[in-house]
Amino acid sequence: MDQQTSLMSLNMSPFDLSPGPEGSASGGGPSSASQQYVPQGAAYQCPPEQQSFGYANLDASYLFPTGTGGEPGAYLPTAGTVCDQTDTKDVIEELCPVCGDKVSGYHYGLLTCESCKGFFKRTVQNKKVYTCVAERACHIDKTQRKRCPFCRFQKCLDVGMKLEAVRADRMRGGRNKFGPMYKRDRARKLQMMRQRQIAVQTLRGSLGDGGLVLGFGSPYTAVSVKQEIQIPQVSSLTSSPESSPGPALLGAQPQPPQPPPPPTHDKWEAHSPHSASPDAFTFDTQSNTAATPSSTAEATSTETLRVSPMIREFVQTVDDREWQNALFGLLQSQTYNQCEVDLFELMCKVLDQNLFSQVDWARNTVFFKYLKVDDQMKLLQDSWSVMLVLDHLHQRMHNGLPDETTLHNGQKFDLLCLGLLGVPSLADHFNELQNKLAELKFDVPDYICVKFMLLLNPEVRGIVNVKCVREGYQTVQAALLDYTLTCYPTIQDKFGKLVMVVPEIHALAARGEEHLYQRHCAGQAPTQTLLMEMLHAKRKS
DNA sequence: GTTCAAGGCCAT
DNA sequence: ATGGCCTTGAAC
């Protein structure tokens, strides 16, 4: 699905390099790298036949570097060269993330080739304006990089080349503020390479070469809530903002992010049938079926019985594998070949992506999909944050999502903060909530019913078709009540207790929203995102 | 003194 | 316009 279009109309310029000594463009603000470059004029035209399919402008070719055939697994050193040669030079022997040519050093924030360095410099210094006559998704590689400067520059930004590293005063020589970052990046790469070598040595003995196939997410983009809702529905759940590639399969190397620990609870949290192979970007999840609770004391005897068809259908709308793939895909695409990323900014991007999934989920569900777009928007604007919190509780409780993960560049990313909407001090409250739910044997049907009830809130102001919303809410409410009575008869008033938890989730989400809004106002959050649009929408209403 | 990421130069 | 090579100069 094409989320680029709306952003392309935002007409943002990358050329606001404030002049002045020592990086006046610094200061921890949003990285311009994630913004969309919208050129004007028509200096260049991109040949239509050069467009690649979709928006996968980042290609995986540069992941299989330096002359070893480009086969999966070629990334691993051969047995004879495993040891002793881990110096900086080896680390540098990567391929340019823009075009796949040989890297010549750090340039404008990351390792690139000489030609992309020059291209980026000329573009920014001379304020060049390009146009793509195709779909703004041309494939960029070493042989075709000259054909569409628009897409080449876009890709430069997408992979993280930094506009602010181009000096407005054109002063030569010396070092800039990125020096220490390059140094840390080198150290991290060395460390990771050493770890990898150890793992390879261990694994070669028993397994032989492992495959290495890395999936890539497209660059980050945003659209308006309304547009997102109005995108034609697809047959199954898909996630935005990018049409995420499939799960990235990793071979024999200790490649972050790591998979969370296996789940430990009931059948709704059962191991995935696919989890036998090492798959660093997938953690175990319940299979996406409408199975019934089985291993809990209450539910064992009810196996496949007495769960209403509606709840079964609800459970089928849960696609945790997609959620995980989208999460880890984004974390990877945002950090691959990056020295250091702003973790708050990254968190906002993940939240934003989750929001897209949220919208996507909602507009494919019963009750909701028949509403008018304006009503849908109002419901989503009211419930997005509580649903994000609830989703995170679900991922932790039913899929063993860990507190943190190591990013591709070696930085640690706090996953829990996603559930806290960026407020670390809410961790205790969040854990308390999780414990409370665990005591209630909160399972996947509970989760999905509560989620529906959060979404279909008839109290939201300005809803035109209140009747329909209320009916949906009451139907789900009744289904949940029935489910809890049927499947958990020994938990006294499970339904009532679940309903009591809802205001707590609201309180937590409200604090998160406030925090995000403050940071947004302070210029610390990425702009032009669905997340920010949601924050603003609620304040306006 | 060395390093290396900036900007500059110039043949193509 | 591109891209390989050269010069520069702050940080180490």
Side-chain angles (χ1 to χ4, degrees), chain A residues 14-27 31-33 37 39-47 50 61-62 65-67 86-134 138-157 159-190 337-341 409:
Chain A
F15 299 123
D16 18 318
L17 294 177
S18 354
E22 191 42 46
S24 48
S26 65
S31 160
S32 46
Y37 168 51
Q40 312 199 338
Y44 291 89
Q45 296 215 320
C46 164
Q50 284 309 306
S61 60
Y62 60 86
T66 53
T86 315
D87 60 13
T88 309
K89 194 162 168 289
D90 289 332
V91 171
I92 300 298
E93 278 179 14
E94 294 186 28
L95 300 183
C96 174
V98 180
C99 70
D101 202 352
K102 193 179 166 215
V103 155
S104 68
Y106 284 93
H107 306 295
Y108 309 110
L110 43 78
L111 292 167
T112 74
C113 69
E114 195 64 20
S115 73
C116 288
K117 165 200 157 189
F119 170 77
F120 189 77
K121 179 185 69 177
R122 286 193 302 274
T123 302
V124 178
Q125 281 183 338
N126 303 328
K127 297 180 166 50
K128 287 191 182 299
V129 163
Y130 307 121
T131 296
C132 174
V133 299
C138 302
H139 177 73
I140 304 296
D141 63 21
K142 188 180 172 183
T143 57
Q144 304 186 70
R145 63 192 176 201
K146 283 197 257 188
R147 302 188 73 166
C148 181
F150 175 91
C151 290
R152 187 182 188 183
F153 187 62
Q154 186 61 59
K155 194 167 175 185
C156 287
L157 295 174
V159 300
M161 292 182 80
K162 297 187 188 312
L163 295 163
E164 63 267 36
V166 179
R167 295 172 186 165
D169 58 6
R170 298 201 168 198
M171 194 191 69
R172 302 176 71 185
R175 295 284 163 86
N176 61 14
K177 60 170 179 161
F178 296 114
M181 186 175 85
Y182 296 144
K183 201 175 166 185
R184 282 196 298 274
D185 189 55
R186 276 201 181 88
R188 259 198 301 256
K189 282 196 160 78
L190 275 172
N337 239 29
Q338 299 281 319
C339 302
E340 204 166 270
V341 296
N409 65 2

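The basis for the numbers below is simple: all heavy atoms, side chains too, and nothing from hydrogens, waters or symmetry mates. Naming: A, B, ... by sequence-line order, numbering from 1 per chain.
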Problem set entry | Closest heavy-atom pair and its distance - A/Y182, A/N176 | CE1-OD1, 4.4 Å
Exercise. Nearest-Å distance, CE (A/M161) to P (B/dA5)?
Worked result: 13 Å
Exercise. Whole Å only: how far is the CG atom of A/D169 from the P atom of C/dT8?
Worked result: 17 Å
Problem set entry | side-chain contact (heavy atoms from CB on, under 4.5 Å) between A/L163 and A/L157, worked out | CA-CA 8 Å; A/L163 295 163; A/L157 295 174; 3.9 Å; yes
Seminar exercise, completed: note: A/M181, atom CE; B/dA5, atom C1'; distance rounded to Å ~ 12 Å
Problem set entry | Polar side chain donor-acceptor pair, A/Y106 to A/T112, under 3.5 angstrom | no
Exercise. Is any side-chain N or O of A/R145 closer than 4.0 Å to OP1 or OP2 of C/dA1?
Worked result: no
Problem set entry | Separation of C/dG4 P from A/F119 CZ (nearest whole Å) | 15 Å
Problem set entry | Side chain proximity check, A/Q125 to A/R167, heavy atoms < 4.5 angstrom | no
Exercise. Can you find a donor-acceptor pair, distance only, under 3.5 Å between A/R175 side chain and B/dT3 base?
Worked result: yes
Kindly give the atom pairs (protein nitrogen or oxygen, nucleotide nitrogen or oxygen) under 3.5 Å for nucleotides 6-9 of chain B.
{"from": "B/dA6", "atom 1": "OP1", "to": "A/N176", "atom 2": "ND2", "distance (Å)": "2.9"}
{"from": "B/dA6", "atom 1": "OP1", "to": "A/Y182", "atom 2": "OH", "distance (Å)": "2.5"}
{"from": "B/dA6", "atom 1": "OP2", "to": "A/Y108", "atom 2": "N", "distance (Å)": "2.8"}
{"from": "B/dA6", "atom 1": "O5'", "to": "A/N176", "atom 2": "ND2", "distance (Å)": "3.1"}
{"from": "B/dG7", "atom 1": "OP1", "to": "A/R167", "atom 2": "N", "distance (Å)": "2.6"}
{"from": "B/dG7", "atom 1": "OP2", "to": "A/Y108", "atom 2": "OH", "distance (Å)": "2.4"}
{"from": "B/dG7", "atom 1": "O3'", "to": "A/R170", "atom 2": "O", "distance (Å)": "3.1"}
{"from": "B/dG7", "atom 1": "O6", "to": "A/K117", "atom 2": "NZ", "distance (Å)": "2.8"}
{"from": "B/dG7", "atom 1": "N2", "to": "A/R172", "atom 2": "NH2", "distance (Å)": "3.0"}
{"from": "B/dG8", "atom 1": "N7", "to": "A/K121", "atom 2": "NZ", "distance (Å)": "2.6"}

Problem set entry | Beyond-backbone contact of A/N126 with A/K121, side-chain heavy atoms, under 4.5 angstrom | no
For this session: Whole angstrom is fine here: how far is it from NZ in A/K102 over to C1' in C/dC5?
Result: 14 Å
Exercise. Does the pair A/F119 and A/R152 meet the rule for a side-chain contact (heavy atoms from CB on, under 4.5 Å), with working shown?
Worked result: CA-CA 9 Å; A/F119 170 77; A/R152 187 182 188 183; 3.6 Å; yes
